[in-house]
Amino acid sequence: MAERAPTNAEIVRALEAVVALMEIRGDEHYRVLAYTRAAESVANHSGSVAALDDPKSLPHVGGTTSQFIADLVEGRMPPVLDELMEEIPRSLVEVTRLPGVGPRTAGRLWKELGVTSVEEVAALDPEEIGKLKGFGKKSAEKIVAAAERYDATERRLLLDDATAIGEALLAFVRSHPSTDRADLAGSLRRGKETIGDLDLVAASTDPAALSDAFAGADFVREVVAHGPSKVSIKVDGPRRSPDDLVDVDLRIVRPEAYGTLLHHFTGSQAHNIVLRERAVKRGINISEYGLASEATGGEPEPVATEEELYERLGLSYIPPELREDAGELRAAENGTLPDLIETGDIRGDLHVHTNYSDGKGTIRSMAEAAIELGYEYLVFCDHSQSLRVANGLSPERLARKLREVREADEEYDEIRLFCGSEVDILKDGSLDYEDALLAELDFVVASVHTSFGVGEKAMTERIRRAMNNEHVRTIAHPTGRVLNRRDPYEVDVQALIAEARATNTALELNAYPDRLDLKAEHARAAVEAGVKLTIDTDAHDESALGFMRFGVAQARRAWVEKGNVINTLPLREFEAYLKAGK
DNA sequence: GCCGTTTTCGGCCCGACTGTTTTCAGTCG
C-alpha cells in the first residue's frame, strides 16, 4: 500500500507520460488514443479516482488502464510505464513540444541522430537534419531555431489577459467589410481557467479577403500559416516582449456554415470526437462545413447555428463550458443538463477588500462600483491582524471600519453594505480574532495565508477546525494556488467538502483570474455533495469587481446552478441566511 | 486499448496548411 493515495492529477500525469512515450516509440495510434482518453476521463472526474472501488466505472477506462490505475494506487510502478521509461529517454518528450516537431520527428532525431533533449537539438547543425530522408533545408532550420528559443517554463494566459487580447482581435475581424459574424472560440469560450492560444472564427462573404487582411494586420508579429480559410499568427502577449508571444488561429467559412464552424473550434476536442462518433453511428458525418449523410449525397449540408446542430443530432443545446466529454452528452440525451448559473444571477459580492487593509478602493468607491454592477449587497472582508504584509486590521481598526461601513450603509439606498472579515486561519486552526469580535461582524470568510508547508494531514485538520467555528461562513480560496506562480498547498479537498457539508460551511470559488480556486472538478464535487458555494472576486480595487464573470465561467464548467450559490440570494433571503446562523 | 440502438470483432472525427513532395506524411487543432 502506498503511503498516500495518488491524486487525480498524479494519475493523469502518469497516463500522459505513457501517451508521450508511446507516441515517440510509434505505437499503434489507437492504443495511444485509449490512454489519452483514459487520462481525460480521470481529469474530468470530480471525486477521487483512487478512492473508487473499480476505476472501470469511468468512461474510456477498461481492463488494462484500470489495472494501470490500480498499480499506482497501490504504490507500484505500472509495468508498461516502467518499460517505456527504460527504453526511451524522458527528455525526448520535451522535444515533441517544439513547434512543428511532433512525436514522429522527435523519434527520428533520436534514432537516427542520437539526439535526446532540446539542448542537443539546439546544438545540431541544420545540415545534419537536412540529410535525413524527408527533411529539407527549411524544416531543418526551423527545428533548430525552435530549439534555440525554447523556453521550458510553460506559461499560460490568465483569463483576464486572454479576454483582453481576444476581444481586441475580435473587434478587428468584425470590422472587416466581408465579415458576417465572428466570435472567440476555443478554450476561452469554454471558460477554461488558463488559455494556451486564442481561437477566432468568422463567417465571411469573402473568406480569402478576410484571411489576407488578418495576416497583414499591424498587430501581427509573425505569420505561422496563411491559407484561404485559415490564418495562424503570433501577437504580443500581456508582457509585450519578444519572448512573450501568443498564438492565434482564425478560421473562416461562408455564413451558412457558421454553426458547425463555431462548434468545431469551440471544442473541446474530446467533446467533438465523442459527438462525431455518436453521429457516425447514425450515418451522419460532422465537419466544420456541415452535416453529411447519404441523404445529402455525402456532401456537407451547412448548419448556421450551434442550436440547430445539436437539435439535428437529437440533443438539447450543450453550453460551451460543459463540452469536455464529462457526461454532458448523456445528460443532453436525457434532458438532464443543468440550468447553469449566469453572471446576471449574482446579487452581491461577499469578499472584497478596501484601503483599510491592502485594497486600493475606499468603502464608498467600492460600494459605488458595486451599484454600477446592479448588486443588492456588498460585504467588505479585509485582512485580519496577524497578516501584517497585507496591513491586517487590529481589533481597534476593525471596530472603526465597522462604524464606517454602518455610516456608509445609511448613505446608499441602492445597496446594503455589510462588514465582514477575511480572517486568517492560524497554523493550529484557530482564528486570528476572538469569537466575541467575530460575533459582531455580519459575515466571516476564513482562509490560509501562512505556513503553507505543514503537510496534507495538518493542513486538512487546520481548515476543518476553522469550519467548526460557528461564525465562519465560507472558506476563501480553499487550496491556496496561484496560477503560474504557486501550486496549491497539500490538502485533502474531499475531506474539506465532507466537513463543509457537516458544518454547513460554504466553500468559495474565488473569481480572481490567477486563483480560480476551487477549481472546477472540486467545485463540481462540492455541489454534488450538497455543499453551497460563494463566488467572490476578492477584489482589491473597483475594476476587479468585474472578475465575477471569470468565477461564474468556472462555476459553469463545474455544472453549478444558481441555487448552489449563496450570493445569488435576493437581499431579503441573504439577510435571513445571515440571521439564521450556521 | 476501448467499445456496442447494426457489432464481443472491427471499427475508432475531420480537415487545413506546410514542406517536400508528384500523392503524401506530419503537425495542429
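Only heavy atoms go into these numbers, but all of them, side chains included; no hydrogens, no water, no symmetry mates. Every chain is numbered from 1, with letters handed out A, B, ... down the list of sequences.
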Within the structure shown, what part of the strands sits under 4.0 Å from [X] by heavy-atom distance: base, sugar-phosphate, or nothing?
X: A/S232; value: nothing
X: A/V32; value: nothing
X: A/K133; value: nothing
X: A/I286; value: sugar-phosphate
X: A/H264; value: base
X: A/V274; value: nothing
X: A/G267; value: nothing

Whole-Å [atom1] distance, [N] and [M]:
N: B/dG19; M: B/dG11; atom1: C1'; result: 32 Å
N: B/dG29; M: B/dC13; atom1: C1'; result: 12 Å
N: B/dT23; M: B/dC28; atom1: P; result: 25 Å
N: B/dG15; M: B/dG10; atom1: P; result: 26 Å
N: B/dC9; M: B/dA16; atom1: P; result: 37 Å
N: B/dC3; M: B/dT8; atom1: C1'; result: 9 Å
N: B/dT6; M: B/dG1; atom1: P; result: 27 Å

How far apart are the closest heavy atoms of A/F265 and A/E288, and which atoms are they?
CE1-OE2, 4.4 Å
Scanning both residues in full, the closest heavy-atom pair of A/A544 with A/Y512 reads CB-CE1, 4.4 Å
Centres of the A/Y310 and A/H263 rings: under 6.0 Å?
yes
Aromatic centroids of A/F219 and A/F214 separated by under 6.0 Å:
yes
Could you tell me whether the phosphate oxygens of [N], OP1 or OP2, come under 4.0 Å of any side-chain nitrogen or oxygen in [X]?
X: A/R276; N: B/dC14; answer: no
X: A/T64; N: B/dC2; answer: yes
X: A/Y289; N: B/dA16; answer: yes
X: A/S229; N: B/dC17; answer: yes

Which nucleotide in [options] has an atom nearest any side-chain atom of [X]:
X: A/E288; options: B/dG15, B/dT27, B/dC17; result: B/dG15
X: A/R251; options: B/dC13, B/dG1, B/dA16; result: B/dA16
X: A/S139; options: B/dG1, B/dG29, B/dG19; result: B/dG19
X: A/K138; options: B/dA16, B/dT20, B/dC13; result: B/dT20
X: A/K142; options: B/dT18, B/dC13, B/dG1; result: B/dT18
X: A/F265; options: B/dG1, B/dC17, B/dG29; result: B/dG29
X: A/R104; options: B/dC13, B/dG26, B/dG1; result: B/dG26

Report the distance from atom [atom1] of [X] to atom [atom2] of [N], rounded to the nearest whole Å.
X: A/D199; N: B/dA16; atom1: CG; atom2: C1'; result: 13 Å
X: A/L132; N: B/dT21; atom1: CG; atom2: C1'; result: 17 Å
X: A/R97; N: B/dG26; atom1: CZ; atom2: P; result: 21 Å
X: A/N285; N: B/dG11; atom1: CG; atom2: P; result: 15 Å
X: A/H60; N: B/dC12; atom1: NE2; atom2: C1'; result: 11 Å
X: A/D249; N: B/dC17; atom1: CG; atom2: P; result: 11 Å
X: A/N272; N: B/dC13; atom1: CG; atom2: P; result: 11 Å
X: A/I273; N: B/dC2; atom1: CD1; atom2: C1'; result: 14 Å

Using atom types as modelled and distance alone, determine if a side-chain donor or acceptor of A/S139 lies under 3.5 Å from a backbone N or O of A/F135.
no
Using modelled atom types only, decide if a donor and an acceptor are shared between the side chain of A/R481 and the backbone of A/L516 within a distance under 3.5 Å.
yes
Ion pair A/R312/A/E308, N-O distance below 4.0 Å
yes
Taking A/K519 first and then A/E193, would you say they form a salt bridge - that is, a charged N and a carboxylate O separated by under 4.0 Å?
no
By nearest-heavy-atom nucleotide on DNA chain B, the more 5' of A/V224 and A/S287 is A/S287
By nearest-nucleotide position on DNA chain B, the 5'-leaning member of A/L98 and A/A34 is A/A34
Verify the stacking flag for A/Y30 against B/dC12: centroid separation must be under 5.5 angstrom and the ring planes must differ by under 30 degrees.
yes
Now, which nucleotide makes the Watson-Crick or G-U wobble pair with B/dG11, with each of the two distances under 3.5 Å?
B/dC2
